[in-house]
Protein chains: 2
Amino acid sequence: MTQPPPRLRIRVVFGDDAMLGPGKADLLERIRETGSIAAAGRSMSMSYKRAWMLVETMNAAFQEPLVASSRGGAKGGGAYLTETGQAVLAQYRALESAMSEAGSAQISALQALLRNTPSGK
Amino acid sequence: MTQPPPRLRIRVVFGDDAMLGPGKADLLERIRETGSIAAAGRSMSMSYKRAWMLVETMNAAFQEPLVASSRGGAKGGGAYLTETGQAVLAQYRALESAMSEAGSAQISALQALLRNTPSGK
DNA sequence: AGCGGATATGTTCCTCAAAACATATCGCAG
DNA sequence: CTGCGATATGTTTTGAGGAACATATCCGCT
């Protein structure tokens, strides 16, 4: 029985407070798909508040905001990724991909040493 | 002013509960250096309890324990890395190194989009 | 003019993980 | 046979972060 392949969680830590990890990347992706911060949050069972705070943090960390949003209007409002936002998301995905490939040998080596009963469920 | 280079935090997630990240890797390294779980924990200002729990978790996750320990004796006791422990640590460091190199281009691209005032201190 | 749906933001409550504290045990040295 | 230094493990306390709840605001449509 081959257990589920190990997954990589990569976080880039800039300076002291700003960082980018899987959570924010996924949120960006879902905002692009849904066109809404609230819908993006719901789709990953995250409270709107939390989603909004993550967006605010990201917008503050980069030179230009990653997410632009508008209130009111026909459908109440909405949000979309800016050019910078799309670029950041693309770079992060590329980073994940490149790193995953580069580390596959070590990952396999580690997995070979693992106990093959990860859970007694 | 070139701000401090971004740092990578890489975590390998096996299955549901077992995972290996920078904290455990550093702990292993310090256990090897100090020959003691307690001293290793102190050197990274971690309580003995926490250090010991991490060791227990790792020992349980792999086929063979990574850290062997003994109580009592001339100096009260001690701990050292097993063959497996050394192998796991080496693989993790190699993983960090390979991934860091593989992702340098994307890291640079992300850094270029960053606001260059990471903190107002 | 008012409704609807989404952004924006504050406040309170709750949970769980980490810290702190407290022992117990072990085994050689002297 | 006692004391030391480290491992081993349980109990209590604390604190930070998230969840939940509550509004406020915006603006096109009908």
Side-chain angles (χ1 to χ4, degrees), chain A residues 9 11 13 16-62 64-82 85, chain B residues 9 11 13 16-62 64-82 85:
Chain A
R9 298 184 76 251
R11 183 184 296 179
V13 182
D16 200 18
D17 50 345
M19 55 185 69
L20 181 59
K24 295 208 187 99
D26 286 354
L27 183 62
L28 284 181
E29 194 153 52
R30 285 164 191 261
I31 288 174
R32 184 179 58 184
E33 289 167 6
T34 62
S36 157
I37 296 177
R42 277 197 301 272
S43 77
M44 48 202 302
S45 57
M46 174 188 291
S47 72
Y48 171 77
K49 169 133 197 196
R50 176 161 177 72
W52 179 83
M53 283 193 310
L54 291 177
V55 168
E56 191 186 39
T57 302
M58 285 189 283
N59 281 350
F62 286 86
E64 300 174 35
L66 307 190
V67 175
S69 59
S70 61
R71 290 199 287 191
K75 298 179 57 184
Y80 62 94
L81 295 193
T82 64
Chain B
R9 299 184 76 250
R11 182 184 297 180
V13 181
D16 201 17
D17 49 347
M19 55 184 68
L20 181 61
K24 294 206 188 103
D26 286 353
L27 183 61
L28 284 181
E29 194 152 53
R30 286 163 191 261
I31 288 174
R32 184 180 57 183
E33 290 167 6
T34 62
S36 155
I37 296 176
R42 276 197 301 271
S43 79
M44 48 202 301
S45 57
M46 172 188 293
S47 72
Y48 172 78
K49 168 135 196 192
R50 176 160 178 71
W52 180 82
M53 284 193 309
L54 292 178
V55 168
E56 190 186 38
T57 301
M58 286 190 282
N59 281 349
F62 286 86
E64 300 174 35
L66 307 190
V67 175
S69 58
S70 60
R71 290 200 288 192
K75 299 179 55 184
Y80 62 95
L81 296 192
T82 64

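Residue numbers start from 1 in every chain, and the chains themselves are labelled A, B, ... in the order their sequence lines are given, proteins ahead of strands.
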Requested in this report: Locate the shortest heavy-atom distance separating A/Met44 from A/Gly23; write the atom from each residue and the value.
Outcome: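 Answer, listing the atom of A/Met44 first, then A/Gly23: CE-O, 4.2 Å.
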
Query raised in the report: With distance as the sole test, does A/Thr82 use its side chain to make a donor-acceptor pair with the main-chain N or O of A/Leu66 at under 3.5 Å?
Result: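 Indeed, once roles are kept as given, a pair shorter than 3.5 Å links the two residues.
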
Query raised in the report: Looking only at N and O atoms, is any donor in the side chain of B/Lys49 or the base of D/dT11 less than 3.5 Å from an acceptor on the other one?
Result: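 Result: at least one qualifying N/O pair found.
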
Query raised in the report: Once each nucleotide of nucleotides 3-8 of chain D is scored for protein heavy atoms under 4.0 Å, what B/S/- sequence comes out, 5' to 3'?
Result: --BBBB

Report task. Could you tell me the separation between the CG atom of A/Leu54 and the P atom of C/dT7, rounded to a whole number of Å? Result ->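 So the CG-P distance, A/Leu54 to C/dT7, works out to 14 Å.
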
Query raised in the report: Roughly, in whole Å, what's the span from CZ in B/Arg50 to P in C/dC21?
Result: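 One finds 17 Å between P of C/dC21 and CZ of B/Arg50, rounded.
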
Query raised in the report: Can you tell me how far the CE atom of B/Met46 sits from the CG atom of B/Asp26, to the nearest 0.5 Å?
Result: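 Rounded to the nearest 0.5 Å, the CE-CG separation comes to 8.5 Å.
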
Query - A/Arg32/A/Glu29 salt bridge by N-O under 4.0 Å criterion - result: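 So A/Glu29 pairs with A/Arg32 through a salt bridge.
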
Query - Criterion side chain to side chain contact (heavy atoms under 4.5 Å, CB included) on B/Arg42 and B/Thr34, from CA distance to verdict - result: CA-CA 10 Å; B/Arg42 276 197 301 271; B/Thr34 62; over 6 Å; no

